[in-house]
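Residue numbers start from 1 in every chain, and the chains themselves are labelled A, B, ... in the order their sequence lines are given, proteins ahead of strands.
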Amino acid sequence: MPELPEAERARLQIDRVLGREIVAVDDRDTYVCRPHAPGEIEHALTGRRLVSAHRRGKFLWAETDDGGPILGLHLGMAGRIDVDEEPAPRNWDRFALTFADGGRLALRDKRRLGRAVLEPDFVHVGPDAAEIDRATFRARVGRGGAPLKARLLDQGVLSGVGNLLADETLWQARLSPRRPAGSLAPEELDALRRALRAAIRSAIRLGGVHTGAFIPHRDREGRCPRCGTALARDTIGGRTTYWCPVCQPD
DNA sequence: AGCATTGTTTCACA
DNA sequence: TTGTGAAACAATGC
């Protein structure tokens, strides 16, 4: 599920629990809560309240009352934030807060690659993909010899673009994922940024990245929804990539 | 059985 | 030193 649009929806879920007193914390999953020992996050948060929820790219964090510790959350490959839901089966709730009103916030994550951590560090995280201005986008994305898609996926360059959002955006912008990032003209970079913002806005509104026009066709048998050409497939930037060889020529 | 997976970090290498 | 790519991580679904 989780790319920037899903993370933004998760942030909205955290908003729902702001102000509630935390009475219990489940931080027993030592992998998800690394490097914390069990009980560390529990000790830091019990008795406090979350007062604000933030997001940069796919990284989430919440501030606590009276300048208390910051709780960082990441959805990993398959996580979601559940609020006031029944506990998930099979210990899929990898981290959870219980509130005085009986409610609950859980990081539900089958794959277990999500994270819950105190005082998260965003030093190596680039500007948010939905907020980045045109000049910064040109300067950061439009450089280097790496394939354009690999550049978009680099969270240190800009944050929030995942594998599916990258394919959707490149298809919308009619740009090849294989083009060296530094070879793009300023106008192409502007168009790419516009396509990215539009794809993000749409995905947040419609409920996730797979609501895009291209993603549903992203399959070995898939064809371009624009021209009907069989999609090309390759590994780029370490991820499986689909694109239309006609609409998105090198 | 084998392979792929909407993410991040670490390590090796040029 | 910097940039790039592959492997590791954990678990599930086809």
Using a 4.0 Å heavy-atom cut-off, does A:G238 contact any base of the nucleic acid, only the sugar-phosphate backbone, or nothing at all? nothing
Taking OP1 and OP2 of B:dT6, is either one under 4.0 Å from a side-chain nitrogen or oxygen of A:R80? no
Starting from C1' on C:dT12, measure out to CZ on A:R111 and report it in whole angstrom. 4 Å
Taking everything shown except A:R134 itself, do over 12 heavy atoms lie less than 6.0 Å from its CZ? no
Closer than 4.0 Å, any side-chain N/O of A:K110 to the OP1 or OP2 of C:dG13? yes
Would you say a side-chain N or O of A:W92 is under 4.0 Å from OP1 or OP2 of C:dT12? yes
Roughly, in whole Å, what's the span from CD1 in A:I236 to C1' in C:dG5? 13 Å
Does any part of the side chain of A:R80, heavy atoms only, come nearer than 4.5 Å to the side chain of A:D109, both counted from C-beta? no
Any strand is fair game: report the nucleotide pairing with C:dT1 by Watson-Crick or G-U wobble, both distances under 3.5 Å, or none. none
Does B:dC3 have a Watson-Crick or wobble partner in any strand here, with both distances under 3.5 angstrom, and which is it? C:dG13
A:A146 has a side chain; which of C:dG3, B:dG7, C:dT4 sits nearest to it? C:dT4
Using the side-chain heavy atoms of A:H210, tell me which of these nucleotides is nearest: C:dG5, B:dT6, C:dC9. B:dT6
Classify A:R143 by what it touches in the nucleic acid, base, sugar-phosphate, or nothing, heavy-atom distance under 4.0 Å. sugar-phosphate
Looking at every strand, decide which applies to A:P147 at a 4.0 Å heavy-atom threshold: base, sugar-phosphate, or nothing. sugar-phosphate
Given C:dG13, B:dG7, C:dA11, the nucleotide with the shortest approach to the side chain of A:E3: B:dG7
State plainly whether the residues A:R104 and A:D84 are in salt-bridge range, i.e. N to O under 4.0 Å. no
Of the candidate nucleotides C:dA11, B:dT8, B:dT6, which contains the atom at the shortest distance from the side chain of A:R112? C:dA11
Could you state the NE2-P distance from A:H74 to B:dG7, rounded to the nearest angstrom? 8 Å
Rounding to a whole Å, what distance do you find between A:L153:CG and B:dT8:C1'? 12 Å
Salt bridge (charged side-chain N to carboxylate O under 4.0 Å, His left out) partner of A:D128, the single match among A:R197, A:R55, A:R56: A:R55
Side chains of A:L170 and A:L152, heavy atoms from C-beta outward: is any pair under 4.5 Å? yes
Whole-Å C1' distance, B:dA1 and C:dC9: 22 Å
Nearest-Å distance, CZ (A:R94) to C1' (C:dT12)? 10 Å
Of the listed nucleotides (B:dT8, C:dT12, C:dC9), which one gets closest to any side-chain atom of A:Y31? C:dC9
Closest nucleotide among B:dT5, C:dA10, B:dT8 to the A:T240 side chain: B:dT5
Nearest whole angstrom, please: distance from the P of B:dC3 to the CZ of A:R233. 13 Å
Could you check A:R115 against A:R218 and say which one's nearest nucleotide on DNA chain B is further toward the 5' end? A:R218
Rounded to whole Å, please give me the gap between CG in A:L75 and P in B:dT6. 15 Å
Any sub-3.5 Å donor-acceptor pair from A:E119's side-chain atoms to A:I70's backbone N or O? yes
More 5' along DNA chain B: A:R220 or A:V161, using each one's nearest nucleotide? A:R220
Starting at atom CZ of A:R9, determine the distance to atom C1' of B:dT6, rounded to an integer number of angstrom. 15 Å
Nearest listed nucleotide, side chain of A:M77, among C:dG3, C:dT12, B:dT5: B:dT5
Taking any heavy-atom pair under 4.0 Å as a contact, classify A:G144: base, sugar-phosphate, or nothing. sugar-phosphate
Could you give the distance separating C:dT4 and B:dT6 at their C1' atoms, to the nearest angstrom? 23 Å
Using a heavy-atom cut-off of under 4.0 Å over every strand shown, decide if A:G114 touches base, sugar-phosphate, or nothing. nothing
Between A:R239 and A:R151, whichever has its closest DNA chain C nucleotide further toward 5' is A:R151
Are there over 12 heavy-atom neighbours, none belonging to A:N91, within less than 6.0 Å of that residue's CG? no
